[in-house]
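See structure below.
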Amino acid sequence: MSRPLTFAVPKGRILEEALPVMARAGVVPEAAFNDKDNRALSFACENGDMRIIRVRAFDVATFVAHGAAQAGIVGSDVVEEFDYPDLYAPVDLDIGHCRLSVAEPVNSGLEPLGKISHLRIATKYPNLTSRYFERQGIQAECVKLNGAMELAPSLGLSQRIVDLVSTGRTLKENGLVETTTILPVSARLIVNRAALKTDPRLGELVEAFRAVAEGRA
Amino acid sequence: MSDIDRDLLPEGLEDRLPQSAAAATRIMRAILDVMDAHGYDRVRPPLIEFEKSLAARMAGIQPRRMFRFIDPVSLRTLALRSDITPQVGRIAETGLAAAPRPLRLAYAGPVATIKADALDPKRERLQVGAELIGSDGVAAAAEVVAMAIDAAKAAGATGISVDFTLPDLVDTLATSILPLDPQAIDAVRRELDSKDAGGLKAAGGESYLPLLYAAGPFESAIEKLAQIDVGGVLASRIAGLREIAARVGGAARLTLDPTERHGFEYQSWFGFTIYADGVRGLLGRGGTYRISGDAEGGEPATGFSLYPDPLIDVAANGTAREAVFLPLGYDPAVAAQLRSGGWRTIAALSDIDEAKALGCTHILDGTSVHPLS
């Protein structure tokens, strides 16, 4: 068990809130990590024995599920979207709060959801979206976009969108209104199933984050 | 139409070329030999059966994940096996119904699924395993776990780690000391499975939180589990686990995760997963179950399966084997003698055949063998 652990963190929104939490759990990246001009993707950790990689949020889950990284931090939206059986999400870090919601144009005059059997939706979360609508007997045809979902209704790509909402400002500025919340979202510590079972360092890491989340450290 | 993709194999299927095919044969035989030495007799069920019999005996085996088609003879649905265990169950209940119990059976062969797992594109795998039919007690479980570890070692696995679980734990607790609303059981189980403490609380399973923490190295985890077990409903299970762990001794690293359910759809009180160094994901799993598939009827049984493909992939990269080149005009009697002495011979068919190019390490010169420089 001499190989260093790899810890994956997402670029962007969650990262700033995650760093202090990681620090309290003893995961502190080297100084170069905070250098905005540094283009490296992999960083050493101050307490040795660990390497931190910075990747896109969806890729955090993929790296950890495949065991290429043993642990990481990612929003519960990503965990639920993939629903990988080999991923554990043992600790809710209580940061990066937002929600996954359905939105539609203001005064759209669209048929209410209870009266339709088919929908066209623009989203970054096709699995979560179709699962959610399936439960209501609606077949959702998802148009997978990687960003700027808010444009889709006005340009006729779809009637509605499913996207992350935190303040609701982006929706408002694009003439959309939130109608239903699909899922409340917060950041989770995730670990690879096989790694947790076979590498005692993972158990210690989970315990450290758990202590932070419960306010014990 | 262009014919470029005429020889393309479908996704998730591959040829095993000489090195890896040789490793596959060697590893499969090593595992079968271990089981044979423990008194397990090999059976060979067919590749294809009626869908009904493959799906009927065990929960969690999904017919929709099997290759299925209509039998032109009987007009019933046939399926390609995705797991050999139910076939062995069928044999135990039919052809060998009258055989004395406990009945020890072993098997090895390919299994296929129509759709691969999200993380592993393979659609065909080698499954090698054993079933002990007639008992699901502690002694049977201990025998099977110990043999599974032996078999994994014989297959070349190193750094073996075994994770114990109690598949029916939530059902047991929900009807006794930690009562749950029947509607909430599925949600609680799901959150326990993903180890999601936040989700578990939200699903109404707050009283199950301590179980999440009772996972880890066996000795400390079993202590924590014993503390949770206030009413003693789990006392026999905990004692059983300790007995199995004692039998394993130092043969493998042991962990306990009492709420693990993933992949243990049909197991009853005891389940285990085998991990090894260099194998991404699991190497094998096993546990106790009832052959009919429901808790009430059916014969008790204990078994395990290994999926040795990752070990074969590693072994296939090993060094090439030794072989003797037989030049034109060699003496067949000498060659036969070499083969019976354990040598592998490769004979020249024409004078352009070259020893090195054909992968030979040695050359026959008259009656003596010389290493190639």
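These values consider heavy atoms only, across backbone and side chains, with no hydrogens, waters or symmetry-generated copies. In what follows, chains are A, B, ... by sequence order, proteins preceding strands, each numbered from 1.
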Most chain B-contacting option - heavy-atom pairs closer than 4.5 Å, from G203(A), P85(A), S186(A): P85(A)
Worked check of side chain to side chain donor-acceptor pair (under 3.5 Å) between T255(B) and D163(B): CA-CA 5 Å; T255(B) 54; D163(B) 188 45; 2.7 Å; yes
Under 4.5 Å from any heavy atom of chain B - which part of N192(A): neither
Contacting region of E204(A) [heavy-atom separation from chain B under 4.5 Å]: neither
L119(B) portion near chain A, given a 4.5 angstrom heavy-atom threshold: both
Charged N-O contact under 4.0 Å between D117(B) and R65(B): yes
Proximal component of Y88(A), with respect to chain B [non-hydrogen, under 4.5 Å]: both
Heavy-atom pairs under 4.5 Å with chain B, option from S76(A), A65(A), A195(A) with the top count: A65(A)
Selection from L282(B), D257(B), V279(B) maximising heavy-atom pairs under 4.5 Å formed with chain A: D257(B)
Geometric class of the Y84(A)/H66(A) ring pair [parallel <30°, tilted 30-60°, perpendicular >60°]: perpendicular
Check: F58(A) ring centroid to Y125(A) ring centroid under 6.0 Å: yes
Salt bridge present between K122(B) and D120(B) (N-O < 4.0 angstrom): no
Part of E260(B) within contact of chain A (heavy atom distance under 4.5 Å): side chain
Sidechain-backbone polar pair: R123(B) side chain, E11(B) backbone, donor-acceptor under 3.5 Å: yes
